[in-house]
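Just below is one structure, and these are the notes that go with it.
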Amino acid sequence: MNRRPSPTEIPSHRLPKVMTATEMRKRWLDREVTPLSPILDMTVKYAGHWWNLDGTDAWVRATDPNAIALYEATQKRAAEVLAEIQRTLRH
């Protein structure tokens, strides 16, 4: 099955493997970046790919399938926990 990229997803061959903190900050300010969770913001999703902050001046695109699967599962679980907390606070 061929999956078409979403409008915000860029094919990996068109993305760099490393991006400066300044470049990522611009994308973050343009609301193109989603952190892994509200607390875990050193791993983010940009253009349909996961990126990790490496030190203070570089973001490295994740390419390991096991790491990517872990980020996806963690993001899903973090969203579930946040939704549960929000439900609890409303009652």
Side-chain angles (χ1 to χ4, degrees):
M1 170 169 96
N2 287 338
R3 187 177 64 83
R4 296 187 73 182
S6 72
T8 58
E9 188 173 332
I10 298 172
S12 61
H13 69 277
R14 294 187 52 214
L15 286 171
K17 289 190 178 176
V18 178
M19 186 182 303
T20 68
T22 301
E23 292 170 319
M24 186 63 81
R25 190 175 313 110
K26 180 189 178 318
R27 285 153 178 85
W28 202 309
L29 292 172
D30 290 341
R31 298 178 185 228
E32 298 174 12
V33 172
T34 304
L36 182 64
S37 80
I39 297 171
L40 303 171
D41 63 356
M42 294 177 68
T43 299
V44 301
K45 197 166 215 180
Y46 162 67
H49 301 270
W50 289 103
W51 300 75
N52 293 293
L53 182 60
D54 182 23
T56 59
D57 193 41
W59 287 85
V60 179
R61 183 167 44 90
T63 57
D64 176 41
N66 294 321
I68 293 166
L70 177 63
Y71 300 146
E72 295 289 337
T74 301
Q75 182 184 41
K76 180 180 177 190
R77 181 66 185 132
E80 292 168 351
V81 169
L82 182 58
E84 181 62 32
I85 291 169
Q86 290 170 336
R87 280 192 295 276
T88 301
L89 292 175
R90 281 182 275 209
H91 292 98

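Start at 1 with the first residue, then count along the sequence. Values in this document were obtained by computation on a predicted structure and should not be read as measured data.
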- Message: Closer than 3.5 angstrom, by distance alone: can the side chain of H49 be matched with the main-chain N or O of T63 as a donor-acceptor pair?
- Response: no
- same_hphob_cluster(I68, L70) at 4.5 Å side-chain heavy-atom cutoff: no
- Message: Is there a path of hydrophobic side-chain contacts, each under 4.5 Å between heavy atoms of I/L/V/M/F/W/Y residues, joining V60 to W50?
- Response: no
- Which heavy atom in R87 sits nearest to a heavy atom in E84, and how many Å separate them? NH2-OE1, 2.8 Å
- Examine I10 and W51 and state if one hydrophobic cluster contains both, with Ile, Leu, Val, Met, Phe, Trp and Tyr joined whenever side-chain heavy atoms are less than 4.5 Å apart. yes
- Task: Check step by step if salt bridge (Lys or Arg N to Asp or Glu O under 4.0 Å) holds for K45 and E72.
- Result: CA-CA 10 Å; K45 197 166 215 180; E72 295 289 337; 2.7 Å; yes
- Note on the structure: When every non-hydrogen atom of M24 is compared with those of V33, the smallest separation belongs to SD-CG2, 3.7 Å
- Query: If every non-hydrogen atom of A21 is compared with every non-hydrogen atom of T56, which pair is closest and at what distance?
  - Reply: CB-O, 3.6 Å
- If Ile, Leu, Val, Met, Phe, Trp and Tyr residues are connected whenever their side-chain heavy atoms lie under 4.5 Å apart, and connections chain through other members, are W59 and L29 in the same group? no
- Same apolar cluster: Y71 and L40, side chain cutoff 4.5 Å: yes
- Message: For a side chain to side chain contact (heavy atoms under 4.5 Å, CB included) check, start with the C-alpha distance between K26 and T22, then their side-chain angles and the critical distance, and finish with the verdict.
- Response: CA-CA 6 Å; K26 180 189 178 318; T22 301; over 6 Å; no
- Measuring from T20:OG1 to R25:CZ, what's the distance to the nearest 0.5 Å? 8.0 Å
- Task: Let me know which of R61, M19, E23 forms a side chain to side chain contact (heavy atoms under 4.5 Å, CB included) with Y46.
- Result: M19
- Task: Could you tell me which non-hydrogen atom of V44 sits nearest to which non-hydrogen atom of P35, and how far apart they are?
- Result: CG1-CA, 3.8 Å
